[in-house]
Amino acid sequence: MLQINYIRENKEQVLARLAIKNFKNFNLVDEIIHLDENRRQTQSKLDAISAEANLAAKQVGDLMRQGKKEAVEVIKINTSALKEQIKTLGDELTKLEEQLQQQLVLLPNLPHISVPKGVGADDNEIIFEHGVKPTLATNALPHWELAVKYDIIDFELGNKITGAGFPVYKGKGAKLQRALINFFLDRAEAAGYSEVQPPILVNEASGFGTAQLPDKEGQMYHVGLDNLYLIPTAEVPITNLYRDVIVKEEDLPIKNCGYTPCFRREAGSYGAHVRGLNRLHQFDKVEIVQVAHPDQSYQVHDEMSKYIQNLLQALELPYRVLRLCGGDMSSHAALTFDMEVWCAAQARWLEVSSVSNFETFQSNRLKLRFKGKEGKAQLAHTLNGSALALPRIVASLLENNQTEKGIRIPKVLVPYTKFEWID
RNA sequence: GGAGAGGUGUCUGAGUGGUCGAAAGAGCAAGCCUGGAAAGUUUGUAUACUCGCAAGGGUAUCGAGGGUUCGAAUCCCUCCCUCUCCGCCA
């Protein structure tokens, strides 16, 4: 959520920046500014009248002590009119605040200056590419067939238990999952991230805090009886750890990591490009989250990007880094890098990580602030990135590392899997 | 699920209708003291909105929302949450 003060004082810049995200509803911005104007006027009026009423109440107290009953009666008559006005203005103010909030929530975040214009995935900038795409034998298999061949992931069983998009990992498949989670967590810990194990069901306030609600309601599984949501990413509970918190400036940046399963409804996505592990309703992910000082958040963003790339290099996977264009990035982010790994058998890039700086877009909703020794509390910046999402890493490992002998496990993982081959 | 207790500032904790943004203590910060530190001592120590160039002023906030009253942290109602005991249970 953008800050109203900023919009008020920088309308032209706001419009220009929003245009890069292909947001053209300029009327909305005008409407917001108008509502805000109204709100402030109403606030002032209300405050003045409240002050008058407070004064009258104080006078009654004094007069009562002096026993001047008649004078008290006079004041009482006068204040009844004030009370009515307070009620009317108060209701009006509440209404205006609600309207303002509703409209404000509709505005996307302003993109960073480095964000290229563009409408979709084709306009993303490839800013880095690393590794050599493996050359596979002609009889190479996509990962969903390898999964069957080595009996490590059972999609059919998942269908029976739950439905499509909920695979069952078996044997070395299950162990590989566990190995990856531990590997990712160990790496994150070594890089200074404190591990947390958060709830995977969250309430509405948390969903609102990180901006999944209200607009992405349909993407999350909702437990109606208790009005809770299954998390689509650990970003939600981990970032919400700092909701309504004022942290010490010297404690920044705050670095957390956590492993959780993630749940996404992915309504409307079916077909060949979502086969196998390519897109699931439930998957595992290790997430890194930082709360940063506004002056340092882009440095932090770079550092997170490098950290994620190191993981991919350690896993020996060919990858590339994209700078998302205005049209393809999430409406909440100011800057996003996507990391994609090469899946040799499918001959396509798959996104395994997305690292974003949200600047104050989330912290404004979260009321996540920091404060130095002097000066006012101000909004912190929030960032997060996948480090990493498991299924597509597994897909890529299976496809790229398939040989006659079986599937080779990358060296760094062997201490975790305790086996070198899936065969 | 049943019965009871309770939700106050960074924390502990007082406050049952007016002088309460809120005692006291702790913590924290600054000053004094000290060779330096501890102890001692003094002062300060919430957030948001709003008016103002500023100094400063106004308003709101004692779990949330309503109500009673000239006036509510204090009384009434609803909801949420926490704790204790019982039941159930990994």
Side-chain angles (χ1 to χ4, degrees), chain A residues 1-9 32-105 197 199-209 213 223-229 237 240-252 254 261 291 360 362-380:
Chain A
M1 189 164 70
L2 297 179
Q3 295 171 80
I4 182 63
N5 290 356
Y6 186 83
I7 298 175
R8 190 195 303 149
E9 286 156 25
I32 284 170
I33 290 173
H34 180 69
L35 275 170
D36 175 53
E37 181 69 25
N38 249 326
R39 183 193 115 253
R40 284 183 299 147
Q41 277 176 15
T42 310
Q43 172 89 260
S44 291
K45 275 189 231 161
L46 177 63
D47 285 357
I49 293 169
S50 298
E52 226 178 297
N54 285 346
L55 184 69
K58 223 164 248 170
Q59 286 171 345
V60 169
D62 291 340
L63 293 168
M64 290 291 265
R65 243 166 279 125
Q66 295 164 26
K68 294 182 179 164
K69 290 251 170 71
E70 310 80 37
V72 167
E73 288 313 310
V74 173
I75 291 175
K76 281 190 188 180
I77 291 164
N78 290 337
T79 51
S80 68
L82 290 179
K83 279 181 76 178
E84 267 176 52
Q85 289 181 62
I86 288 170
K87 176 101 177 77
T88 313
L89 284 168
D91 290 349
E92 207 176 306
L93 186 63
T94 309
K95 219 170 82 191
L96 285 167
E97 279 170 346
E98 277 169 9
Q99 282 174 4
L100 185 61
Q101 171 86 354
Q102 274 170 21
Q103 310 275 46
L104 220 41
V105 156
Q197 218 177 80
I200 59 175
L201 280 164
V202 295
N203 58 25
E204 264 183 88
S206 296
F208 178 81
L213 294 174
V223 182
L225 204 56
D226 298 293
N227 195 25
L228 296 172
Y229 294 86
N240 270 281
L241 257 22
Y242 302 96
R243 169 152 52 86
D244 292 318
V245 169
I246 300 176
V247 300
K248 286 193 206 134
E249 186 170 19
E250 68 251 38
D251 290 342
L252 297 176
I254 295 169
V291 177
T360 58
Q362 291 181 329
S363 60
N364 192 25
R365 291 171 163 230
L366 292 160
K367 298 201 174 23
L368 193 195
R369 289 159 295 174
F370 70 90
K371 202 170 153 183
K373 289 220 166 118
E374 43 212 72
K376 284 195 58 161
Q378 54 174 313
L379 295 174

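The figures that follow rest on heavy atoms only: side chains count, while hydrogens, waters and symmetry mates do not. In what follows, chains carry the letters A, B, and so on, assigned in the order in which the sequence lines appear, proteins first and then strands, with residues in each chain numbered from 1.
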ask   = For atom C1', what is the distance between C86(B) and A14(B), given to the nearest Å?
value = 33 Å

ask   = Closest to the Val60(A) side chain: U47(B), G18(B), A60(B)?
value = G18(B)

Side chain of Arg369(A) (C-beta onward), nearest among A48(B), U50(B), U59(B) = A48(B)

ask   = Which part of the nucleic acid, if any, lies within contact of Ala56(A), taking any heavy atom under 4.0 Å across all strands shown: a base, the sugar-phosphate backbone alone, or nothing?
value = nothing

Nucleotide forming a Watson-Crick or wobble pair with G40(B), both distances under 3.5 Å = C32(B)

query = For Glu37(A) and U50(B), what is the distance between atoms CD and P respectively, to the nearest whole Å?
reply = 11 Å

inquiry  = For the C1' atoms, the ones on C80(B) and on G21(B), what distance do you get once it is rounded to whole angstrom?
reply    = 25 Å

task = Figure out the CD1/P separation between Ile86(A) and U59(B), and round it to whole Å.
result = 10 Å

ask   = At their closest point, which heavy atom of Ala205(A) faces which heavy atom of Arg243(A), and how far apart are they?
value = CB-NH1, 3.6 Å

request  = Compare all side-chain heavy atoms of Lys87(A) with those of Lys83(A) and state whether any distance is below 4.5 angstrom.
outcome  = no

request  = Tell me which of Thr79(A) and Ala48(A) sits closer to the 5' end of RNA chain B, going by the nucleotide each one is nearest to.
outcome  = Ala48(A)

request  = Ignoring the backbone of Lys87(A), work out which of C49(B), G67(B), A46(B) is nearest its side chain.
outcome  = G67(B)

ask   = How far, in whole Å, is U10(B) from G58(B) if one measures between their P atoms?
value = 23 Å

inquiry  = Ignoring hydrogens, what is the shortest heavy-atom contact between Leu368(A) and Tyr242(A)? Give both atom names and the distance.
reply    = CG-O, 3.4 Å

request  = May I ask you to verify if any side-chain N or O of Lys83(A) is less than 4.0 angstrom from the OP1 or OP2 atom of G71(B)?
outcome  = yes

request  = Counting heavy atoms from C-beta on, name the nucleotide in C70(B), A60(B), U50(B) closest to the side chain of Ala57(A).
outcome  = C70(B)

inquiry  = Counting only Watson-Crick pairs (N1-N3 plus N6-O4 or O6-N4) and G-U wobbles (N1-O2, O6-N3), all under 3.5 Å, who is the partner of G6(B)?
reply    = C81(B)

message = Taking only side-chain N and O atoms of Lys45(A), does any of them lie within less than 4.0 angstrom of OP1 or OP2 on U50(B)?
response = no

ask   = How far, in whole Å, is A73(B) from G17(B) if one measures between their P atoms?
value = 13 Å

query = Is the phosphate of C51(B), meaning OP1 or OP2, less than 4.0 Å from a side-chain N or O of Arg40(A)?
reply = yes

key: Charged N-O contact under 4.0 Å between Asp91(A) and Lys95(A)   = no

message = Using OP1 and OP2 only, check whether a side-chain N or O of Arg8(A) sits under 4.0 Å from U50(B).
response = yes

message = Whole angstroms only, please: what is the CG-C1' distance between Asn227(A) and C79(B)?
response = 14 Å

message = Would the distance check show the side chain of Ser363(A) and the main-chain N or O of Ala380(A) forming a donor-acceptor pair, the cut-off being under 3.5 Å?
response = yes

request  = Write down the distance separating the P atoms in U8(B) and C83(B), rounded off to the nearest Å.
outcome  = 14 Å

ask   = Looking for any heavy atom pair under 4.0 Å, which part of the strands does Leu82(A) touch: base, sugar-phosphate only, or nothing?
value = nothing

inquiry  = On the nucleotide G71(B), are OP1 or OP2 found under 4.0 Å from the side-chain N or O atoms that Asn54(A) carries?
reply    = no

request  = When you get a sec, tell me which of U47(B), G18(B), G58(B) is the closest nucleotide to the side chain of Lys371(A)?
outcome  = U47(B)

Spacing of the C1' atoms in C53(B) and G36(B) (rounded, Å) = 46 Å

query = Relative to the 5' end of RNA chain B, which residue comes earlier, Ala51(A) or Ile4(A), by the nucleotide with the nearest heavy atom?
reply = Ile4(A)

inquiry  = Can you check the distance between G40(B) and C51(B), where both ends of the measurement are the P atom (answer in whole Å)?
reply    = 46 Å

request  = Can you tell me, in whole Å, how much space there is between the P of A39(B) and that of C28(B)?
outcome  = 9 Å

message = Could you tell me how far apart Gln101(A) (CD) and A48(B) (C1') are, to the nearest whole angstrom?
response = 14 Å

task = Decide yes or no for Asn364(A) and Leu2(A): does some side-chain heavy atom of the first lie under 4.5 Å from some side-chain heavy atom of the second?
result = no

task = Check the pair Asn203(A) / Ser206(A) against side-chain hydrogen bond (donor to acceptor under 3.5 Å, both in side chains), numbers first and verdict last.
result = CA-CA 6 Å; Asn203(A) 58 25; Ser206(A) 296; 3.1 Å; yes

